[in-house]
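Read the structure below first, then the notes.
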Amino acid sequence: PTIPLVFYLYGAAEIHTYDIAPLLHRDRLQTLLDLVLTFEKDGRLAKQLPGLRADRLKQLLALRPHAATEPPEVWLKRLNIHAAAQDARKTGLPARDVDVIFSSGVLEYIPVPILREMLQEFRRIATANSVMTHRLNLVDQFAYFDRSLSPFNHLKYTEQQWGWRSSPLIWQNRIRISDYRRLLNETGFIVKSEENTSGDLADLQRVKLAPQFQSYATEDLLLLHSVMTAVPDCKPPAPAQS
């Protein structure tokens, strides 16, 4: 639970983290805590996390021995981190109660109808001053394992073709950055910033695009990575037309 622990070290009062599967393991948590201790001793932790609170780090290190015997979920609750293996479309949190919403390399694996419902839930729990950030990976994930593939290789398949090529272990929705922008706008968010990284035009031009991707702008198709930040759209609804 690297990111939840970072939020704790930066002073978050309460943290809720969700995954559809129970992926927490005691040995992994202990490995992470060992790394925190090592980085703290050699000075790297303060350089990597310049905003961490010394009192939070002291508390985390004091509780570290308990992680060897307690289930990870129990140990994390000592830091007010609540780890749930459940559908994030139903967080169970009160409305307008969350200040920061964050994901890293998650949304690209979620089918669009489910993703829309998740964003609607995020809008429900967000306060008027919330900030939401998502790190998006739009690369063909198989290109990481097969270097002969272009990072745009997945854009040449129709939905039917992709359905039997895409592994359920690493399923990818293949939507582009413009689709994320539209989904955020439709679910009540305003995109405030993007940190985007694009690929090589020559790599894209070697891919014969499937019909569903042929209408996208070249800049849209070229984008491989994005850190997208959005805030709730709090403007009052437009008056009904008579």
Side-chain angles (χ1 to χ4, degrees), residues 1-33 36 56 60 63 66-138 141 163 166-175 179-180 182-189 226-233:
T2 308
I3 295 171
L5 282 179
V6 170
F7 275 114
Y8 170 79
L9 290 173
Y10 268 70
E14 187 170 2
I15 301 155
H16 294 263
T17 179
Y18 297 87
D19 203 307
I20 199 66
L23 298 178
L24 286 174
H25 294 280
R26 185 180 297 160
D27 59 339
R28 296 177 187 172
L29 177 58
Q30 285 189 272
T31 298
L32 175 58
L33 295 176
V36 171
R56 290 295 183 94
L60 184 149
L63 293 173
H66 296 281
T69 57
E70 293 180 344
E73 296 85 354
V74 173
W75 186 85
L76 288 169
K77 283 183 180 179
R78 291 175 175 270
L79 306 180
N80 224 10
I81 299 174
H82 308 277
Q86 69 180 65
D87 192 331
R89 290 177 290 178
K90 298 179 180 179
T91 63
L93 298 174
R96 298 179 295 280
D97 194 53
V98 176
D99 296 311
V100 178
I101 300 168
F102 184 88
S103 77
S104 181
V106 174
L107 303 191
E108 57 266 26
Y109 302 112
I110 301 174
V112 171
I114 295 175
L115 179 55
R116 182 186 300 277
E117 292 179 14
M118 282 180 58
L119 293 172
Q120 289 170 341
E121 172 69 353
F122 296 163
R123 182 64 183 87
R124 183 189 71 81
I125 64 176
T127 67
N129 298 315
S130 289
V131 175
M132 181 171 74
T133 297
H134 300 287
R135 184 180 69 83
L136 307 171
N137 185 355
L138 283 65
Q141 305 286 291
S166 185
S167 166
L169 296 176
I170 192 170
W171 190 89
Q172 304 163 66
N173 60 32
R174 301 191 297 165
I175 66 174
D179 300 314
Y180 284 106
R182 185 178 65 255
L183 278 168
L184 287 167
N185 290 335
E186 290 174 354
T187 53
F189 291 95
S226 181
V227 178
M228 179 177 278
T229 299
V231 298
D233 183 354

Query raised in the report: CG of Leu138 to CZ of Arg174: how many Å apart, nearest 0.5 Å?
Result: 12.0 Å
Query raised in the report: If you look at every heavy atom in Ala88 and Met118, which pair is closest and at what distance?
Result: CB-CE, 4.0 Å
**Report entry** Side chain to side chain, Asn173 and Asp179, heavy atoms closer than 4.5 Å
**Finding:** no
Report task. Say whether, by atom type as modelled, one donor and one acceptor occur between the side chain of Arg89 and the main chain of Glu117 under 3.5 angstrom. Result -> no
Report summary line: Residues passing the side-chain hydrogen bond (donor to acceptor under 3.5 Å, both in side chains) test with Asn185, sequence neighbours excluded, are none
Report summary line: Rounding to 0.5 Å, atoms NZ (Lys90) and CD (Glu121) come to a distance of 9.5 Å
**Report entry** Of all pairs that satisfy salt bridge (charged side-chain N to carboxylate O under 4.0 Å, His left out), the ones with a partner from residues 71-83, not counting sequence neighbours
**Finding:** Glu70-Arg78
**Report entry** Side chain proximity check, Thr187 to Arg116, heavy atoms < 4.5 angstrom
**Finding:** yes
Requested in this report: Determine the minimum heavy-atom distance between Leu63 and Trp75, stating which atoms define it.
Outcome: O-NE1, 2.7 Å
Query raised in the report: Is there side-chain contact between Leu24 and Asp19, with at least one heavy-atom pair below 4.5 Å?
Result: no
Requested in this report: Kindly compute the distance separating CD (Glu186) from CG (Leu119), expressed to the nearest 0.5 Å.
Outcome: 10.0 Å
Using a 3.5 Å cut-off and no angle test, enumerate the donor-acceptor pairs between side-chain atoms of residues 94-106 and protein atoms at least two apart in sequence or in another chain.
{"from": "Ser103", "atom 1": "OG", "to": "His134", "atom 2": "ND1", "distance (Å)": "2.6"}
{"from": "Ser104", "atom 1": "OG", "to": "Arg135", "atom 2": "NE", "distance (Å)": "2.7"}
{"from": "Ser104", "atom 1": "OG", "to": "Arg135", "atom 2": "NH2", "distance (Å)": "3.2"}

Report task. Would you please test Leu76 and Ile15 for side-chain contact (heavy atoms from CB on, under 4.5 Å) and show each step? Result -> CA-CA 10 Å; Leu76 288 169; Ile15 301 155; over 6 Å; no
**Report entry** Over all atoms of both residues, closest heavy-atom pair of Arg26 and Pro71
**Finding:** NH2-N, 3.8 Å
Query raised in the report: Checking Gln172 side chain against Gln141 main chain: does a donor-acceptor pair fall under 3.5 Å?
Result: yes
Query raised in the report: Hey, which of Thr17, Leu32, Ile81 is the one that makes side-chain contact (heavy atoms from CB on, under 4.5 Å) with Pro1?
Result: Leu32
Query raised in the report: Is NZ or CZ of Arg56 both nearer than 6.0 Å to the six-membered ring centre of Tyr8 and within 45° of the ring axis?
Result: yes
Query - Interatomic distance, Arg28 atom CZ to Leu23 atom CG [nearest 0.5 angstrom] - result: 7.0 Å
Requested in this report: Please name the pair of heavy atoms, one in Ser130 and one in Pro232, separated by the smallest distance, quoted to 0.1 Å.
Outcome: O-CD, 3.2 Å
Query - Closest heavy-atom pair and its distance - Ala230, Phe189 - result: CB-CB, 4.1 Å
Query - CG-NE2 distance between Leu33 and His66, expressed to the nearest 0.5 angstrom - result: 12.0 Å
Requested in this report: Begin with the C-alpha distance, continue with both residues' side-chain angles, and end with the deciding distance and a verdict on side-chain contact (heavy atoms from CB on, under 4.5 Å) for Leu93 and His16.
Outcome: CA-CA 9 Å; Leu93 298 174; His16 294 263; 3.6 Å; yes
Query raised in the report: Glu108 versus Tyr180: any side-chain heavy-atom pair under 4.5 Å?
Result: yes
Report summary line: dist Arg124:CZ -> Gln120:CD (nearest 0.5 Å) comes out at 11.5 Å
